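Everything on this sheet refers to the single structure shown next.
For clarity, every value in this text was computed on a predicted model and none was experimentally measured.
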Amino acid sequence: METEELSAGVVSVIEIIGVVVVVVGFGIAAVLAVRALSRGKGGKAAYQTLRTSIGGSILLGLEIFVAADIIHTLSAPSLEVAAVLGLIVVIRTILSMSIQIEIDGVLPWRRALLTSGGQVLAGAITEDTRSAQ
């Protein structure tokens, strides 16, 4: 098996993991929102939980997709592939920042601590667990 074939397989697996993260994150977000509603927290709290959790899973998925793109670029280095990677990273970075601003309501550089997509999703699950007790 050639190096390019191996790296293409690795990139495909990582991309599938990214898709699974987004889909599973959406499922978790839906469950957390339904649980917030069933606990009588109201529609606003359920919506905020859903929005935050989905945003966190999308952010985490985007981070995984960027990792796959980096591996793809390293497997077949050329100026054209590197330029495409740079463009993809810029677009995904702008998209990630936009989603993060929507989740937090503030610009990323105004927050004291940066929050990744995984941390947002983990925080929503932790809050749901605390409220269940």
Side-chain angles (χ1 to χ4, degrees):
M1 182 180 269
E2 289 187 29
T3 306
E4 288 183 28
E5 292 175 3
L6 179 63
S7 66
V10 169
V11 167
S12 294
V13 169
I14 293 173
E15 288 174 342
I16 290 169
I17 291 170
V19 170
V20 169
V21 164
V22 172
V23 171
V24 169
F26 180 79
I28 291 171
V31 169
L32 292 175
V34 168
R35 288 179 67 168
L37 275 175
S38 69
R39 291 191 179 123
K41 291 184 177 183
K44 186 175 181 179
Y47 170 75
Q48 190 62 35
T49 300
L50 183 68
R51 183 176 174 184
T52 302
S53 301
I54 288 175
S57 66
I58 291 171
L59 284 172
L60 183 58
L62 282 172
E63 292 170 6
I64 293 170
F65 291 136
V66 168
D69 289 337
I70 290 170
I71 292 170
H72 173 70
T73 301
L74 293 176
S75 68
S78 72
L79 191 55
E80 183 180 333
V81 173
V84 170
L85 173 66
L87 184 60
I88 289 171
V89 169
V90 166
I91 291 169
R92 288 187 177 161
T93 299
I94 291 170
L95 184 58
S96 292
M97 287 178 58
S98 299
I99 293 170
Q100 194 71 47
I101 290 168
E102 283 292 319
I103 290 171
D104 294 338
V106 296
L107 297 171
W109 50 87
R110 299 189 101 192
R111 285 190 320 267
L113 299 173
L114 296 177
T115 307
S116 71
Q119 289 169 323
V120 171
L121 192 55
I125 293 170
T126 302
E127 171 143 348
D128 182 67
T129 304
R130 285 187 194 144
S131 64
Q133 296 173 352

For Ser53 and Ala29, work out which heavy atoms get closest and say how close.
-> CB-CB, 3.3 Å

So which heavy atom on Ser96 is nearest to which on Leu59, and how close?
-> O-CD2, 3.4 Å

Hey, can you pull the donor-acceptor pairs under 3.5 Å for the side chains in residues 9-23, sequence neighbours left out?
| unit_1 | atom_1 | unit_2 | atom_2 | d |
| --- | --- | --- | --- | --- |
| Ser12 | OG | Ala8 | O | 3.0 |

side-chain contact (heavy atoms from CB on, under 4.5 Å) with Val90: of Ile94, Thr93, Ile88, only one passes, and it is Ile94

Can you list every salt bridge (Lys or Arg N to Asp or Glu O under 4.0 Å) pair that touches residues 17-27, not counting sequence neighbours?
-> none

Is there a side-chain contact between Glu63 and Leu60, using heavy atoms and a 4.5 Å cut-off?
-> yes

Do Thr49 and Lys41 touch side chain to side chain, with heavy atoms closer than 4.5 Å?
-> no

Residues that, via side-chain heavy atoms closer than 4.5 angstrom, fall in one hydrophobic cluster with Tyr47 | none

Separation of Ile28 CD1 from Arg35 CZ (nearest 0.5 Å) = 11.5 Å

What is the distance from atom CG of Leu74 to atom CG of Asp69, rounded to the nearest 0.5 Å?
-> 11.0 Å

Under a single-linkage definition using a 4.5 Å side-chain heavy-atom cutoff for Ile, Leu, Val, Met, Phe, Trp and Tyr, are Ile64 and Ile71 assigned to the same hydrophobic cluster?
-> yes

Would you check, one step at a time, whether the test side-chain contact (heavy atoms from CB on, under 4.5 Å) holds for Leu95 with Ile99?
-> CA-CA 6 Å; Leu95 184 58; Ile99 293 170; 4.1 Å; yes

Heavy-atom check, side chain of Ile91 versus side chain of Leu87, under 4.5 Å = yes

Residue pair Gly25 / Ser57: nearest heavy atoms and the distance that separates them | CA-CB, 3.5 Å

